Amino acid sequence: KDFVGTQRLEPLQVVVRNKRGRPVEGVVVAFAIEEGTGSLSVAQDTTSETGQAQTRLRLGATPGPIRVRATIPDSALSVDFTATAVLGPASITALQGDGQTGFLDVELVEPLQVMVQDERGQPVEDVVVTFTVEEGVATLSVVQDTTSSTGRAQTRLRLGATPGPVRVRAAVLNSALVFDFRLSARALEPISIRTAQGYGQTGLAGGTLLEPLEVVVRDNFFQLMAG
């Protein structure tokens with residue numbers, strides 16, 4: 001599978017051999033698109049000393065199967081190459097994780113997840129999505145992910161030690177398609193204070209109580225807070 005309008009990374013390459021299995025040099029091989037739309041870098045090539053001849057295929061603008069036939073003129077020898085042209089990415093949107101607020105040095109509950117779709121609203125598979133922290137302090141579990149069969153890619157984020165806004169950009173590699181996750185980091189806050197020592201003492205006027213007056217302060221995670 002390749003996206004419409006793109007050139008395939010690998011050439012369409014054949015090897016011509018004689019009856020003894022040895023490569024044959026100087027044989028003309030013709031290439032032609034028999035099905036689908038596209039263009040070839042060359043319509044014919046001559047085999048090298050290793051018996052190889054090749055062309056390159058650029059897919060057309062119409063999605064669907066493509067078949068290219070390589071033939072040796074004036075012979076019955078031929079071989080077919082097949083490919084499938086699919087629509088490429090047209091949009092990237094957030095499915096999960098946008099707008100979260102978390103505490104410093106804590107991983108956010110939801111992953112930062114996006115969906116990549118084509119112009120018909122169908123998910124696009126095997127698209128590389130990059131993730132970068134554009135604002136604020138945070139670390140990402142992965143800086144790139146490849147979309148699944150459902151068009152989804154994701155990373156997880158751990159907030160840093162600085163409170164304030166955090167912005168993470170998800171971008172489709174080699175395109176202008178981006179989505180910015182806008183998040184917020186907040187400091188831990190005291191949510192409870194309880195007496196630890198000294199409650200309910202009785203003493204003489206002008207004297208000093210035996211026990212100090214001591215309290216315990218806990219944060220949002222019910223952990224003891226210092227400072």
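Note that the structure is a prediction, hence the values are computed from the model and not measured.
In the displayed structure, Asp74 atom CG is contacted under 6.0 Å by at most 12 heavy atoms of other residues, nucleotides or ligands. Heavy atoms of other residues, nucleotides or ligands lying less than 6.0 angstrom from CD of Glu49 number 12 at most.
Applying the salt bridge (Lys or Arg N to Asp or Glu O under 4.0 Å) rule to Glu125 yields no partners; only residues at least two apart in sequence or on another chain are considered.
Summarising the geometry of Pro163 relative to Ala187, their closest heavy-atom pair is CB-N, 4.3 Å, with the distance given to 0.1 Å. For the pair Gly151 and Pro123, the tightest heavy-atom approach, listed with the atom from each and the gap, is N-CB, 3.6 Å. Here the shortest heavy-atom pairing between Thr82 and Arg8 reads O-NH1, 3.8 Å. The heavy-atom pair separating Leu213 from Gly198 by the smallest distance is CD2-O, 3.6 Å. The two atoms that bring Val114 and Ala170 nearest to each other are CG1-CB, 3.9 Å, heavy atoms only. The minimum heavy-atom distance between Ala161 and Val137, with the atom names listed, is N-CG1, 4.4 Å.
Between Gln96 atom CD and Glu110 atom CD the span is 4.5 Å, to the nearest 0.5 Å. Separating the CE atom in Met115 from the OG atom in Ser148 is a distance of 7.5 Å, to the nearest 0.5 Å. If you take CD on Glu25 and OG on Ser48, they are separated by 7.0 Å, rounding to the nearest 0.5 Å. Taking CZ of Arg182 as the start and CD of Glu134 as the end, the distance is 10.5 Å to the nearest 0.5 Å. Atom CZ of Arg17 is separated from atom OG1 of Thr47 by 11.5 Å, given to the nearest 0.5 angstrom. Rounding to the nearest 0.5 Å gives a distance of 8.0 Å between CD of Gln117 and CD of Gln122.
A donor and an acceptor atom, one from each side chain of Thr195 and Gln197, are nowhere located under 3.5 Å apart.
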### Message
Using side-chain contact (heavy atoms from CB on, under 4.5 Å), reason through Arg186 and Leu104 one step at a time and then give a plain yes or no.
### Response
CA-CA 6 Å; Arg186 57 186 268 194; Leu104 303 183; over 6 Å; no
### Task
Could you walk me through whether Phe3 and Leu87 pass the side-chain contact (heavy atoms from CB on, under 4.5 Å) test, one step at a time?
CA-CA 6 Å; Phe3 298 133; Leu87 290 173; over 6 Å; no
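The shortest side-chain heavy-atom distance between Pro63 and Val86 does not fall under the 4.5 Å cut-off.
Hydrophobic clustering, with ILVMFWY side chains joined whenever heavy atoms are under 4.5 angstrom apart, keeps Leu95 apart from Val128. In the hydrophobic cluster analysis, where Ile, Leu, Val, Met, Phe, Trp and Tyr join through side-chain heavy atoms closer than 4.5 angstrom, Leu140 is grouped together with Leu108. Both Val129 and Leu177 belong to a single network of hydrophobic side chains, linked directly or stepwise wherever heavy atoms of I, L, V, M, F, W or Y lie under 4.5 Å apart. In the hydrophobic clustering of ILVMFWY residues, with side-chain heavy atoms under 4.5 Å counting as a link, Leu183 and Val133 come out together. When hydrophobic clusters are built by joining Ile, Leu, Val, Met, Phe, Trp and Tyr residues whose side-chain heavy atoms come closer than 4.5 Å, directly or via intermediates, Val172 is grouped together with Phe179.
Proximity of a side-chain donor or acceptor of Arg58 to a complementary backbone N or O of Gly5 within less than 3.5 Å is detected. A distance-only check finds no donor-acceptor pair linking the side chain of Thr146 to the backbone of Asp126 [under 3.5 Å]. Side-chain atoms of Gln201 come within 3.5 Å of backbone atoms of Glu211 as a donor-acceptor pair (strictly under, hydrogens ignored). Judged by distance alone, the side chain of Arg169 and the main-chain N or O of Phe181 form no donor-acceptor pair under 3.5 Å. Proximity of a side-chain donor or acceptor of Ser41 to a complementary backbone N or O of Arg56 within less than 3.5 Å is detected. Checked by atom type and distance alone, the side chain of Thr71 never pairs as donor or acceptor with a backbone atom of Pro73 at under 3.5 Å. Judged by distance alone, the side chain of Asp145 and the main-chain N or O of Gln154 form a donor-acceptor pair under 3.5 Å. The backbone N or O of Val42 lies less than 3.5 Å from a partner atom in the side chain of Thr55, making a donor-acceptor pair. Remark: the backbone N or O of Gln52 is not paired with any side-chain donor or acceptor of Gln13 at under 3.5 angstrom. Thr147 places a side-chain N or O within 3.5 Å of a backbone atom of Val124 that can act as its donor or acceptor partner.
Taking Ile, Leu, Val, Met, Phe, Trp and Tyr as hydrophobic and joining them when side-chain heavy atoms fall under 4.5 Å apart, one finds Leu57 in a cluster with Leu12, Val14, Val16, Val24, Val27, Val29, Phe31, Ile33, Leu40, Leu59, Ile66, Val68, Ile72, Leu77, Val79, Phe81.
Between Glu35 and Arg67, at least one side-chain nitrogen of the basic residue sits less than 4.0 Å from a carboxylate oxygen of the acidic one, meeting the salt-bridge criterion.
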